[in-house]
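By convention here, the first residue in the shown sequence is residue 1.
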Amino acid sequence: MSKYWSDVVHKLSPYTPGEQPKIAKLIKLNTNENPYPPSPRVLTAIQQATNGDLRLYPDPGSDHLRKVIAQYHGLQADQIFVGNSSDEVLAHVFQALLKHQRPLLFPDISYSFYPVYCGLYEIAHCSVPLDAEFQLNVEDYLQENGGIIFANPNAPTGCNVTLEKIEFLLQQNCDTVVVIDEAYVDFGGDTAIALIDRYPNLLVVHTLSKSRSLAGLRVGFAAGHADLIAGLNRVKNSFNAYPLDRLAVAGAIAAFEDQDYFLQTCQAVMATRERLATDMRELGFEVLPSATNFIFARHPRFAAEEIALGLRQSGIIVRHFKLPRINEFLRISIGTDEESASLVSALKVLLHSS
Ligand SMILES: *Cc1c(COP(=O)(O)O)cnc(C)c1O
């Protein structure tokens, strides 16, 4: 607390990111990073961009990258907005498109950054409970609103809503923007990007942090009708005109140019996920179906917090949210097969020794 703070700062409840431990050799399964490095082509592109041109500002519109992303998804460049991580893109989305008299709707269990942005931008909001199986029912969102946002597949539950249901929601909700945060879509979800040309109220947000192994580079984007993108650009150009640096642009372009590597690493993560889910079910865990690079699981006889502590002592970190409804669950990011095997061995020891 400081008397020098602006009023709004006193009222904020900031997001708490998953721990980034300083200890080496931990098996880190707590923040949904990709266990595989970025494509070698990305590293080469960044090395090549590391030159004297860094004295110059980057292209404020990241036009080349936007063109590459647009082409990849069959859209026009003016339907793409890029930012320094999807968190930054989302922040601009909240301010530019979701702040209205009526409340913004999002699930009670979802990405915990959404209520944080509402606090920062003083946005009226209302949480809509997922059902008892943690499924999102689009019918629950057919009420007066100033916008709708959810992650699909959802985090931290991993559950996926079909495109038919999203299309129904878009049709029934044409007066406000529906934002689909597809941070995990490449691991088995259905992208709504194909609906963009038909629904001017749809905005889809992606990140390169998870499926393209670039959490450290900080690149995300939004795809939607050019009018929505124009609104985002007005906010961006009132905040930071050069959000993507030259290295980030070079790396991001190269990531989209290495489709084979992308598909291969996503497949590997999904295969490991299915094996881990099977192994954990054999240990008695209830594992929610996942279309992401993490699984969400609970054990009927062991407290999640204690399992997390026990794993930590074996050098493995997973995420536990001390929140209503999900206090008994652990969110475990998918690592390599080797990391997964270490996790399963550690769980076996823990469950049999207590
Ligand atoms: C990881 C994540 C993000 C943020 O991704 P960055 O681009 O790294 O900021 C956004 N939304 C959801 C649901 C996420 O899980």
Item to complete: Please list, chain by chain and in numerical order, all residues satisfying side chain to side chain contact (heavy atoms under 4.5 Å, CB included) with Asp186, sequence neighbours excluded.
Response: Ser211, Phe262, Cys266

Item to complete: Verify, without hydrogens or angle tests, whether Asn137 (side chain) and Glu139 (backbone) share a donor-acceptor contact under 3.5 angstrom.
Response: no

Worksheet item: Is there a chain of hydrophobic side chains (I, L, V, M, F, W, Y, each step under 4.5 Å between heavy atoms) that links Val177 to Phe94?
Response: yes

Worksheet item: If we only count heavy atoms from C-beta on, is the Cys159 to Leu288 side-chain gap below 4.5 Å?
Response: yes

Worksheet item: Does His225 reach the main-chain N or O of Asp227 with its side chain, forming a donor-acceptor pair under 3.5 Å?
Response: yes

Worksheet entry | side chain to side chain contact (heavy atoms under 4.5 Å, CB included) partners of Pro21, counting only residues at least two apart | Glu19, Leu26, Lys28, Ile317

Item to complete: Examine Arg273 relative to Phe294 and say whether NZ or CZ is less than 6.0 Å from the centre of the six-membered ring and inside a 45° cone about the ring axis.
Response: no

Response to the item:
Closest heavy-atom pair, Leu65 versus Val219, reported as atoms and distance to 0.1 Å, is CD2-CG1, 4.2 Å

Discussion item. Tell me if a side-chain donor or acceptor on Asn154 pairs with a main-chain N or O of Ile109 at a distance below 3.5 Å.
Written reply: yes

Worksheet entry | Transitive ILVMFWY side-chain link Tyr261 to Val42, under 4.5 Å | no

Discussion item. Assigning hydrophobic clusters by single linkage (Ile, Leu, Val, Met, Phe, Trp, Tyr; side-chain heavy-atom cutoff under 4.5 Å), is Leu217 placed with Ile80?
Written reply: yes

Worksheet entry | Neighbour count >12 (heavy atoms, 6.0 Å) for atom CD, Gln76 | no

Worksheet item: Between Tyr72 and Arg66, is there a cation-pi geometry (under 6.0 Å to ring centre, at most 45° from the normal)?
Response: no

Worksheet item: For the hydrophobic clusters of this structure (ILVMFWY residues joined by side-chain heavy atoms under 4.5 Å, transitively), does one cluster hold both Phe168 and Val179?
Response: no

Worksheet entry | Glu306, CD atom: more than 12 neighbouring heavy atoms under 6.0 Å | no

Practice prompt. Please name the pair of heavy atoms, one in Asn152 and one in Ile166, separated by the smallest distance, quoted to 0.1 Å.
Written response: ND2-CD1, 3.4 Å

Worksheet entry | Verdict with reasoning, Asp197 to Gln79, per side-chain hydrogen bond (donor to acceptor under 3.5 Å, both in side chains) | CA-CA 9 Å; Asp197 280 331; Gln79 294 173 297; 3.0 Å; yes

Worksheet item: Please walk me through it: do Asp59 and Tyr242 pass side-chain hydrogen bond (donor to acceptor under 3.5 Å, both in side chains)?
Response: CA-CA 7 Å; Asp59 170 14; Tyr242 305 100; over 6 Å; no

Worksheet item: Does Leu311 belong to the same Ile/Leu/Val/Met/Phe/Trp/Tyr cluster as Phe329, with side-chain heavy atoms less than 4.5 Å apart forming each link?
Response: no

Practice prompt. Could you please spell out the steps behind the side-chain hydrogen bond (donor to acceptor under 3.5 Å, both in side chains) verdict for Asn173 and Asn145?
Written response: CA-CA 9 Å; Asn173 191 79; Asn145 67 74; 2.7 Å; yes

Worksheet item: Can you check whether Ser127's main-chain N or O pairs, donor with acceptor, with Asp108's side chain at less than 3.5 Å?
Response: no

Practice prompt. Consider only side-chain N and O atoms of Glu182 and His206, and report whether a donor and an acceptor are under 3.5 Å apart.
Written response: yes

Worksheet entry | Any donor-acceptor N/O pair, His352 side chain to Lys348 backbone, under 3.5 Å | yes

Discussion item. Is the shortest side-chain heavy-atom distance between Tyr111 and Phe106 below 4.5 Å?
Written reply: no

Discussion item. Taking the basic N atoms (NZ, or NE/NH1/NH2) and the acidic carboxylate oxygens, is any pair closer than 4.0 Å for Arg198 and Glu167?
Written reply: yes

Item to complete: Might you point out which heavy atoms bring Asn30 and Gly18 nearest each other, and give the distance in Å?
Response: ND2-C, 4.0 Å

Worksheet item: With sequence neighbours left out, what residues match Asp175 under side chain to side chain contact (heavy atoms under 4.5 Å, CB included)?
Response: none

Worksheet item: Are the side chains of Val89 and Phe221 in touch, meaning some heavy atoms are under 4.5 Å apart?
Response: no

Worksheet item: Any side-chain heavy atom of Arg325 within less than 4.5 Å of one from Leu130?
Response: yes

Worksheet entry | Selection residues 231-240 - residue pairs positive for side-chain hydrogen bond (donor to acceptor under 3.5 Å, both in side chains), sequence neighbours left out | none

Fill in: Test item: Pro35 and Val269 side chains (from C-beta on) under 4.5 Å apart, heavy atoms
yes

Discussion item. For a 4.5 angstrom cut-off between non-hydrogen side-chain atoms, does Pro58 reach Leu244?
Written reply: no

Practice prompt. For the pair Gln264 and Tyr36, evaluate side-chain hydrogen bond (donor to acceptor under 3.5 Å, both in side chains) and give the outcome as yes or no after the intermediate values.
Written response: CA-CA 10 Å; Gln264 204 184 307; Tyr36 302 106; over 6 Å; no

Practice prompt. Mind checking the CD1-OG spacing from Ile27 to Ser342? Nearest 0.5 Å is all I need.
Written response: 4.0 Å

Fill in: Which atom of Lys210 lies closest to which atom of Asn32, heavy atoms considered
CG-O, 3.4 Å

Worksheet item: Taking Arg281 for the side chain and Glu286 for the main chain, is one N or O donor matched with an acceptor at less than 3.5 Å?
Response: no

Worksheet item: Looking only at side chains, do Asn160 and Tyr184 share a donor and an acceptor under 3.5 Å apart?
Response: no

Practice prompt. Measure across Ser62 and Val249 and return the closest heavy-atom pair with its distance rounded to 0.1 Å.
Written response: OG-CG2, 4.1 Å

Discussion item. Any heavy-atom pair between the side chains of Phe285 and Ile295 that's under 4.5 Å?
Written reply: no

Worksheet item: How are the rings of His299 and Phe302 set relative to one another: parallel (under 30°), tilted (30 to 60°) or perpendicular (over 60°)?
Response: perpendicular

Discussion item. Using a 3.5 Å distance criterion without hydrogens, assess whether the side chain of His125 forms a donor-acceptor pair with backbone atoms of Glu122.
Written reply: no

Worksheet, complete the sentence: The remaining residues in the hydrophobic cluster of Val235, counting side-chain heavy-atom contacts under 4.5 Å among Ile, Leu, Val, Met, Phe, Trp and Tyr, are none

Item to complete: Look at atom CD of Gln101 and say whether more than 12 heavy atoms of other residues, nucleotides or ligands are closer to it than 6.0 Å.
Response: no

Discussion item. Atom CD of residue position Glu144 - does it have more than 12 heavy atoms of other residues, nucleotides or ligands inside 6.0 Å?
Written reply: no

Worksheet item: Taking all atoms of both residues into account, what is the closest heavy-atom pair of Gly284 and Pro300, and its distance?
Response: O-CD, 3.1 Å

Worksheet item: Is the CD atom of Gln143 crowded by more than 12 outside heavy atoms at less than 6.0 Å?
Response: yes

Worksheet item: Charged N to carboxylate O below 4.0 Å: is that the case for Glu328 and Arg298?
Response: no

Worksheet entry | Cation-pi geometry met for Arg331 and Phe296 (6.0 Å, 45°) | no

Give the table of side-chain donor-acceptor pairs shorter than 3.5 Å for residues 9-16, with sequence neighbours excluded, one pair per line with atom names and distance.
residue: His10; atom: NE2; partner: Ser2; partner atom: O; Å: 3.4

Worksheet item: Looking at side-chain heavy atoms only, is the closest gap between Tyr117 and Leu90 below 4.5 Å?
Response: yes

Worksheet item: Can you check whether Ser209's main-chain N or O pairs, donor with acceptor, with Ser213's side chain at less than 3.5 Å?
Response: no

Worksheet item: Does a side chain donor of either Thr336 or Glu338 reach within less than 3.5 Å of an acceptor in the other side chain?
Response: no

